[in-house]
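Here is how names work: the chains are called A, B, and so on, in the same order as the sequence lines, proteins then strands, and each is numbered from 1.
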Amino acid sequence: MTIKEEVETRLAEVIKARYPENPIFPQIEPEKNPAYGDLSSNIAFGLAKILNNPPQVLAAEIAEAISGGIIEKAEAVRGFVNIWVSQERLCALLPEIEENKDNFCRSNFGEGKKVLLEFVSANPTGPLHIGHGRGAVYGDVLGNILSASGFLVEREYYVNDTGNQIETLGKSVKCRYLELYGERLEFPENGYNGEYIAEIAKKIRDEEGEGAKEKDIAYFGRLASEILLCQIQKTLSDSSVNFSSFFYESSLYERGEVERLLSDLSAFAYKKDGALWLATNKFSDEKDRVLVREDNRPTYYVADLAYHRNKFGRGYERLINLWGTDHHGYVERIKSGLKFLGCDPERLNIILYQLVTLKRGKELVSMSTRKGEFITLDDVLREVGKDATRFFLLMRKSDAHLEFDLELAKKESSENPVYYVQYLHARCSSILREAEQRGIPFISADKANLLLLKELEEHRLMAKISLFPEEIKEAAKLYQPHRIPLYLMELAGIFHNYYHHHRILSEDRELSHARLILINCVKAVVKNGLSLLGISAPEKM
RNA sequence: GCGCCUGUAGCUUAGCGGAAGAGCAUCGGACUCCGGAUCCGAAAGCAGGGGUUCAAUUCCCCUCAGGCGCUCCA
């Protein structure tokens with residue numbers, strides 16, 4: 001049980017004993033303002049209504065009753081119950097952390113439930129850009145968080161390796177390829193214009209010479225999408241984004257799953273204007289959708305439904321899709337379709353993230369794949385570095401627009417938040433090294449006199465690290481990776497302040513021992529946090 | 001036109017029913033010392049208008065502003 005949970009339990013006992021008629025379970029919040037304690041509860045406001053008593057009076061009663069044990073002090077202020085955790089309890093946290101180290105953030109919140117997390121799934125028709133990067137990093141970290149919280153997570157990339165856009169890709173590449181031999185083929189209207197298309201064409205010429213001239217568009221499309229997928233995988237691995245599987249759209253056709261889907265849906269489908277429609281409007285969708293086009297080719301929607309049915313069939317408790325907000329119109333379409341298939345749409349959680357605006361100073365940078373002129377995720381990684389790129393992409397909640405300013409990220413590189421947090425880790429490491437050099441041995445927490453850690457700043461620091469597991473659990477519950485960077489920045493602030501006001505290493509050996517243990521625990525928490533974020537925790541900088 | 005998301009300090013943004021928080025930029029300070037990639041301080045904010053509530057930045061409605069989507073594209 002975490003400290004916060006212990007306090008919550010104690011508060012609940014007190015409330016139950018004093019006010020048995022109260023149905024509300026008391027909530028406790030971490031307190032940001034040190035003047036208001038470590039934790040606070042607004043329970044008195046809820047009780048006031050039921051008991052017809054002023055909040056301040058009730059808060060005072062509760063504060064009085066709750067004090068003692070792990071609660072050092074409780075104050076009633078304007079109806080709030082402000083709580084200070086006892087020094088003994090906070091100090092007892094340190095051996096716990098020392099023992100668990102890398103597992104301090106772990107919980108069994110997920111109870112081993114199987115989750116499938118699908119993300120990125122960018123079409124293999126061009127390199128990844130910063131928008132894909134956001135989805136990639138968000139998904140990767142969400143996966144880490146859910147795993148740490150006791151879910152069994154699989155991470156999947158759905159590859160759209162068939163259909164119109166691959167055909168367009170094939171045409172574009174073949175066109176550029178033939179141009180290398182001075183031949184002309186009409187460039188497709190919506191063709192891909194990027195420099196990378198010409199490079200793929202050259203690659204094909206270098207490897208196959210004129211032999212590819214006779215090959216059809218599909219051949220070029222397949223080849224190009226394979227090459228591009230490889231490049232995407234390289235970019236993902238350079239970003240430390242991990243997947244457990246790549247699922248190919250084409251495999252749905254090969255196994256006959258698309259055909260089977262169509263026959264299973266036939267009872268709900270109807271012909272109109274030469275096409276086959278599904279009556280999704282019957283459910284939450286705003287209108288019906290085409291399954292099979294007039295020319296007999298199935299739509300992307302059909303394959304996507306087949307894919308989702310496939311996912312439902314694989315025995316996951318929960319499916320999570322991470323989509324760019326430009327796909328939000330697609331949510332109800334999929335959910336409605338799933339109802340026809342007897343799949344419960346409630347088990348499918350679709351998280352939408354807002355798009356990223358890439359800027360260089362005040363200048364907007366274009367990100368259109370079709371037009372060709374754009375900065376790729378590779379470019380950003382090269383320019384800003386993996387750690388900073390990931391940190392910036394993770395700092396914002398998913399439904400906020402994200403502005404990524406390359407100039408800022410570079411210019412401020414010595415003072416930006418990533419380094420602030422990494423510096424915390426390096427500084428802790430450095431202190432531990434210095435202690436060793438000075439011949440101050442590191443002794444284990446159970447042998448040290450931790451009660452010497454009684455400075456206000458030490459109290460705040462321990463209270464903050466005690467909240468780390470809570471933070472991870474909340475992030476898992478709400479799918480909010482951005483809590484971690486923010487938490488780490490706050491922790492760094494509290495630590496640097498402590499460092500500046502108190503000497504860790506001094507003549508007082510006993511005190512030095514105790515403080516070194518605290519430093520070691522802070523270091524473990526930071527490392528834990530950074531590792532969830534997929535960002536390195538340097539010993540030196 | 002309809003739908004979804006977003007308007008918090010000069011800029012980038014946390015908080016999302018209870019007591020407005022950071023970073024950058026600006027200005028002013030700090031350590032003969034364990035890493036100055038640090039610390040302390042100042043100034044500055046909930047787009048506007050109505051509701052609901054003991055309590056609204058947070059929930060509901062309207063207005064205004066921005067983004068995205070409304071394909072037999074994916």
Out of rU38(B), rA19(B), rC34(B), which has the shortest distance to the side chain of H496(A)?
-> rU38(B)
Report yes if the ring of F80(A) lies under 5.5 Å from the six-membered base ring of rA19(B) with planes under 30°, and no otherwise.
-> yes
rG15(B) OP1/OP2 closer than 4.0 Å to side-chain N/O of K397(A) = yes
Looking for any heavy atom pair under 4.0 Å, which part of the strands does D161(A) touch: base, sugar-phosphate only, or nothing?
-> nothing
Kindly say if Y420(A) contacts the phosphate of rC39(B), meaning a side-chain N or O under 4.0 Å from OP1 or OP2.
-> yes
Are N123(A) and rA74(B) close enough that a side-chain N or O sits under 4.0 Å from OP1 or OP2?
-> no
If the C1' atom of rA43(B) is compared with that of rC5(B), how far apart are they to the nearest Å?
-> 33 Å
Give one of base, sugar-phosphate or nothing for H502(A), where a contact means two heavy atoms less than 4.0 Å apart.
-> base
Spacing of the C1' atoms in rA25(B) and rC68(B) (rounded, Å) | 31 Å
Would you check if the distance from the ring center of Y307(A) to the ring center of Y158(A) is below 6.0 Å?
-> yes
Output the distance between atom CD1 (I62(A)) and atom CG (L11(A)), rounded to the nearest 0.5 Å.
-> 6.5 Å
Taking the same atom, P, in rU32(B) and in rU26(B), what whole-Å distance lies between them?
-> 27 Å
So, are R309(A) and E257(A) salt-bridged, with charged N and O less than 4.0 Å apart?
-> no
Minimum heavy-atom distance Q165(A)-N160(A), with the two atoms named | NE2-O, 3.1 Å
Looking only at atom P, what distance separates rC64(B) and rG17(B), rounded to whole Å?
-> 27 Å
Among rC34(B), rA19(B), rG35(B), find the nucleotide with the atom closest to the side chain of L505(A).
-> rC34(B)
Reckon R438(A) touches a base, only the sugar-phosphate, or nothing at all at heavy-atom distances under 4.0 Å?
-> sugar-phosphate
Please write out each protein N/O paired with an N/O of nucleotides 3-5 of chain B under 3.5 Å, distance rounded to 0.1 Å.
from: rG3(B); atom 1: N2; to: H328(A); atom 2: NE2; distance (Å): 2.5
from: rC5(B); atom 1: O2'; to: Q354(A); atom 2: NE2; distance (Å): 2.5
from: rC5(B); atom 1: O2'; to: D399(A); atom 2: O; distance (Å): 3.3

If you round to the nearest 0.5 Å, how far is CZ of R483(A) from CG of L478(A)?
-> 5.5 Å
Would you indicate what E31(A) reaches in the nucleic acid, counting non-hydrogen atoms under 4.0 angstrom: base, sugar-phosphate, or nothing?
-> base
Counting any heavy atom closer than 4.0 Å, what does I504(A) reach on the DNA or RNA strands: base, sugar-phosphate only, or nothing?
-> base
Taking atom C1' in both rC27(B) and rA9(B), what distance in whole Å separates the two?
-> 16 Å
Counting any heavy atom closer than 4.0 Å, what does K287(A) reach on the DNA or RNA strands: base, sugar-phosphate only, or nothing?
-> sugar-phosphate
Which nucleotide, rC34(B), rU12(B), rC40(B), lies nearest any side-chain atom of N497(A)?
-> rC40(B)
Counting heavy atoms from C-beta on, name the nucleotide in rC39(B), rU12(B), rA19(B) closest to the side chain of S40(A).
-> rA19(B)
Validate the cation-pi geometry between R427(A) and F495(A): distance from NZ or CZ to the six-membered ring centre under 6.0 Å, angle to the ring axis within 45°.
-> no
Does N416(A) place a side-chain N or O at less than 4.0 Å from the phosphate oxygens OP1/OP2 of rA37(B)?
-> no
When you measure from the side chain of Y479(A) to the backbone N and O of I320(A), does any donor-acceptor pair fall under 3.5 Å?
-> no
What distance, rounded to whole Å, do you find between the two C1' atoms, one in rG18(B) and one in rC59(B)?
-> 14 Å
With a 4.0 Å cut-off on heavy atoms, is D273(A) in touch with a base, just the backbone sugar-phosphate, or nothing at all?
-> base
Output yes when at least one side-chain N/O atom of K32(A) is less than 4.0 Å from OP1 or OP2 of rA19(B), else no.
-> no
Taking NZ, NE, NH1 and NH2 as the nitrogens, is one of them in E118(A) or K311(A) under 4.0 Å from a carboxylate oxygen of the other?
-> yes
If a protein heavy atom is under 4.0 Å from the base, mark B; if only from the sugar-phosphate, S; if neither, -; do that for nucleotides 52-58 of chain B going 5' to 3'.
-> --S----
Spatial distance of atom CG (L223(A)) from atom CD1 (I200(A)) [nearest 0.5 Å] | 8.5 Å
Ignoring hydrogens and angles, answer whether the base of rA74(B) and the side-chain atoms of D326(A) contain a donor-acceptor pair closer than 3.5 Å.
-> no
Distance between the C1' atoms of rG66(B) and rU8(B), in whole angstroms?
-> 16 Å
Quantified in whole Å, what is the P atom distance between nucleotide rU52(B) and nucleotide rU57(B)?
-> 15 Å
May I ask you to say what R515(A) touches in the nucleic acid, namely base, sugar-phosphate or nothing, with a heavy-atom cut-off under 4.0 Å?
-> nothing
Looking at every strand, decide which applies to A426(A) at a 4.0 Å heavy-atom threshold: base, sugar-phosphate, or nothing.
-> base
Other residues, nucleotides, ligands: >12 heavy atoms within 6.0 Å of N52(A) CG = no
Kindly indicate whether the side chain of S536(A), heavy atoms from C-beta on, has any atom under 4.5 Å from the side chain of Q422(A).
-> yes
